[in-house]
Student: 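Below: one structure in structure tokens.
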Amino acid sequence: MAKEKKIKPSKETPSGFIDRKEKELLIRDFVISNIKEVMIKYGFQYLETPSFEYTDSIGKFLPDKDRPGEGVFSFKDENKWLSLRYDLTAPLARYVAKNYNEIPKPFKRYQLGTVWRNEKPGPGRFREFLQFDADYVGTKNPQADAELCILLAETLSKCGLDKNEFIIRVSNRKCFFGLLDFLEIKNENQRIAAVRAVDKYERIGIEGVKSLLGKGRTDKSGDFTKGAELNKKQIDGIVAYIKENSLYDEERENFKGSARFAPLAVWDDLSPLYSEGIRELGGFFGLTELSEYKDQIVYSPTLVRGIEYYTGTTFEANLLFKVKNQKGKEIEFGSVGGGGRYDNLINRFGNLDVPCTGVSFGLDRLVFALMQKKDFKIKSVKPVVICIFDQKNIENYFGILNKLRSSNISSEIYPGEGKLKKQMEYANKIQSPCVIFYGDDEIKKGEVKLRNLKTGEELSIKIENLVNEIRKII
RNA sequence: GCACGAGUAGCUCAGUUGGUUAGAGCAGCGGUUUGUGGAACCGAAGGUCGGCAGUUCGAAUCUGCCCUCGUGUACCA
């Protein structure tokens with residue numbers, strides 16, 4: 001009597017992969033069309049590279065490793081490892097190295113594409129997402145960095161963010177490394193730990209940073225993070241630097257306002273590297289000050305992005321409003337985009353001295369945030385529904401359908417089977433603006449009945465007037 | 001990766017100290033209305049209680065392991 005065991009296939013999407021519905025896709029389309037417009041205006045070329053690359057072309061994975069490291073999706077094809085791209089910068093470096101003789105110098109390109117990361121998903125973070133990149137290849141000019149920030153600001157602004165809803169924080173790696181030199185922090189592990197600690201300042205506060213620079217910190221979930229174990233003098237030096245330079249007060253409650261680039265005299269000549277960073281920032285801000293986004297692009301010395309390959313200017317766009325998840329709970333949202341200068345990425349292919357700078361952002365996160373703005377509405381067109389009364393009159397229904405579609409009105413004959421009530425429920429469900437009744441009675445009179453589904457209003461009209469009447473409703 | 005929390009119908013959830021046949025609201029389906037949606041009423045249906053193993057006479061409930069989701073943290077090319 002053993003009952004046959006039903007084995008049902010899973011209805012779930014793989015972890016970190018999601019279905020995306022029309023509302024989100026329409027906003028994404030809107031964002032994409034704005035990005036393209038801005039890119040054309042700024043003179044960038046459109047490029048597309050494949051989803052898969054040879055693992056060693058885009059990764060930092062050791063050839064002796066049997067399998068590419070965690071973080072990427074890979075498989076072995078014949079004898080070579082292939083990986084799905086995890087960003088658009090690495091494929092760009094590969095493309096530039098391959099086509100170095102043909103491309104203009106400098107080379108400006110933009111790219112939109114899906115990227116994949118095999119890592120734990122978080123709020124607003126998935127394992128498959130759409131990324132946008134714009135890069136300058138082959139120029140050291142700070143004008144390039146400045147333009148990227150301006151175009152980032154313009155893009156966000158065009159996509160519906162007010163100027164007081166976002167900020168682009170700018171820093172230069174050389175400044176912070178200069179400070180570390182001055183404080184005689186030479187151990188590479190300590191330097192990295194210090195960078196990461198300072199990068200968290202705005203989230204965990206000055207005391208949190210102190211703990212991370214010292215012995216370590218226990219977060220509110222009870223998890224312990226090991227610290228950099230610097231000495232007191234070194235910690236005090238970094239803390240003083242943060243206090244002098246931070247855009248926020250110590251409680252991180254109040255934004256001190258738009259900080260103009262004006263490094264304090266006391267920090268001058270800290271170290272040669274520091275001065276070089278300051279000079280580069282001077283060139284950068286000289287240009288952004290001339291832009292209409294000068295108030296949104298601010299100096300923020302505590303910004304030190306985690307990405308390893310950055311060599312100079314770095315920047316990051318943050319939203320200034322709170323973002324909630326589906327359950328209405330506020331979440332740590334992080335940045336919507338960022339970038340910086342990477343002058344050494346292409347020389348590993350043997351093309352020496354190709355300085356680059358680029359910006360990238362994940363469209364999904366921006367879309368996620370935009371969806372929460374109450375005043376943000378994207379119009380979506382829904383079809384007028386022609387109801388079916390009797391299959392024998394199907395030619396009449398098609399007559400109306402053709403008339404509407406040739407007038408470019410989204411329309412359909414009810415695609416299912418069922419009574420009028422069911423048809424009305426369908427039309428209501430898909431948010432159709434109106435339905436058309438064209439039964440025996442109407443056909444005899446040469447009229448159609450048009451029911452407005454928003455108001456419930458119903459009027460009988462001559463067929464010739466149908467298109468005009470519908471245009472009034474939609 | 002680490003930590004905390006959660007997983008019961010399509011969705012949101014209830015389910016007592018372990019005790020017959022696991023409940024509700026909403027959605028869906030059928031009907032009241034064979035030509036009128038968003039309201040009401042009636043009816044029927046819908047469940048391997050995340051999975052596997054264990055304890056027990058008996059497990060949605062207790063234990064262990066695993067999976068998935070959420071949040072934080074770490075990492076982030």
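In what follows, chains are A, B, ... by sequence order, proteins preceding strands, each numbered from 1.
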Student: Expressed as a whole number of angstroms, how long is the span from A:K200:NZ to B:G72:P?
Tutor: 15 Å

Student: Not counting sequence neighbours, which residues clear side chain to side chain donor-acceptor pair (under 3.5 Å) with A:D390? List them please.
Tutor: A:K392

Student: Using atom C1' in both nucleotides, what's the gap between B:A44 and B:G19 to the nearest angstrom?
Tutor: 30 Å

Student: Using the P atom on both, measure B:A59 against B:A53 and round to a whole Å.
Tutor: 13 Å

Student: Please give, in whole Å, the distance from B:C76 P to A:Y310 OH?
Tutor: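 Rounding to the nearest Å, OH of A:Y310 and P of B:C76 are 13 Å apart.
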
Student: Take atom CG of A:D199 and atom C1' of B:C76, then tell me their distance rounded to the nearest Å.
Tutor: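 Value for this atom pair: 11 Å.
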
Student: Distance check needed: B:U73 P versus A:E119 CD, whole Å only.
Tutor: 16 Å

Student: Please output the side-chain donor-acceptor pairs of residues 314-321 of chain A that fall under 3.5 Å, not counting sequence neighbours, one pair per line with the distance.
Tutor:
from, atom 1, to, atom 2, distance (Å)
A:E316, OE1, A:R305, NE, 2.9
A:N318, OD1, A:R169, NH1, 3.3

Student: Any N or O donor-acceptor pair linking the side chain of A:R125 to the base of B:C76 at under 3.5 Å?
Tutor: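 Indeed there is one.
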
Student: Kindly state whether the ring of A:F389 and the ring of A:Y438 have centres lying under 6.0 angstrom apart.
Tutor: no

Student: According to side chain to side chain donor-acceptor pair (under 3.5 Å), who are the partners of A:Y100, at least two apart in sequence or on a separate chain?
Tutor: none

Student: Take atom C1' in B:U8 and the same atom in B:C13, then report the distance between them in whole Å.
Tutor: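 Taking atom C1' in both B:U8 and B:C13, they lie 9 Å apart.
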
Student: Using the C1' atom as the reference point in each nucleotide, state the distance between B:C2 and B:C49 in Å, no decimals.
Tutor: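 Here B:C2 and B:C49 have their C1' atoms 30 Å from each other.
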
Student: So what's the dot-bracket for RNA chain B: Watson-Crick or G-U pairs under 3.5 Å, [ ] if a pair crosses, | if it pairs off-strand?
Tutor: (((((((..((((.....[...))))..((((.......))))......(((((..]....))))))))))))....

Student: By nearest atom, which of the nucleotides B:C76, B:C69, B:G72 is closest to the A:K120 side chain?
Tutor: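 Minimum distance to the A:K120 side chain belongs to B:G72.
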
Student: For nucleotides 34-42 of chain B, just jot down a letter per nucleotide in 5' to 3' order: B, S or -, based on protein non-hydrogen atoms under 4.0 Å.
Tutor: -BBBB----

Student: For the ring pair (Phe, Tyr, Trp, His ring centres under 6.0 Å) test, which of A:W81, A:F52, A:Y54 pairs with A:F75?
Tutor: A:F52

Student: Pairs under 3.5 angstrom only: tabulate donor-acceptor contacts from the side chains of residues 459-474 of chain A to other protein residues two or more places apart or in another chain.
Tutor:
from, atom 1, to, atom 2, distance (Å)
A:E469, OE2, A:K472, NZ, 3.2
A:R471, NH2, A:S407, O, 2.7

Student: Hey, which sits more toward the 5' end of RNA chain B by its nearest nucleotide, A:I192 or A:S15?
Tutor: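 Nearest nucleotide further toward 5': that of A:S15.
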
Student: Provide the distance between the two P atoms, one in B:U16 and one in B:C62, to the nearest whole Å.
Tutor: 9 Å

Student: Applying side chain to side chain contact (heavy atoms under 4.5 Å, CB included), name anything that partners A:A144, two or more places apart in sequence or on another chain.
Tutor: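 Applying side chain to side chain contact (heavy atoms under 4.5 Å, CB included) to A:A144 gives A:Y136, A:T139, A:R341, A:T357.
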
Student: Run the salt bridge (charged side-chain N to carboxylate O under 4.0 Å, His left out) test against A:E442 and tell me which residues pass, sequence neighbours left out.
Tutor: A:K449

Student: Going by side chain to side chain donor-acceptor pair (under 3.5 Å), name the residues that satisfy it together with A:R191, two or more places apart in sequence or in a different chain.
Tutor: A:D181

Student: Report the residue (A:R217 or A:G16) whose heavy-atom-nearest nucleotide on RNA chain B is the more 5′ of the two.
Tutor: A:G16

Student: For nucleotides B:G50 and B:C69, find the distance between their C1' atoms and express it as a whole number of Å.
Tutor: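 Result for the C1' pair: 10 Å, nearest Å.
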
Student: What integer number of Å spans the C1' atoms of B:U63 and B:G18?
Tutor: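 Comparing C1' positions in B:U63 and B:G18 gives a spacing of 13 Å.
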
Student: Assess whether a salt bridge exists between A:R127 and A:E119, defined as any Lys/Arg side-chain N lying under 4.0 Å from an Asp/Glu carboxylate O.
Tutor: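 Salt bridge between A:R127 and A:E119, a charged N being under 4.0 Å from a carboxylate O: no.
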
Student: When the P atoms of B:U56 and B:C75 are considered, how many whole Å apart are they?
Tutor: 47 Å

Student: Would you say A:R117 reaches B:C76's phosphate, i.e. side-chain N/O to OP1/OP2 under 4.0 Å?
Tutor: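 Checking A:R117 against B:C76: no side-chain N or O falls below 4.0 Å of OP1 or OP2.
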
Student: Please state how far atom CZ in A:F224 lies from atom C1' in B:C75, giving the value in whole angstrom units.
Tutor: 17 Å

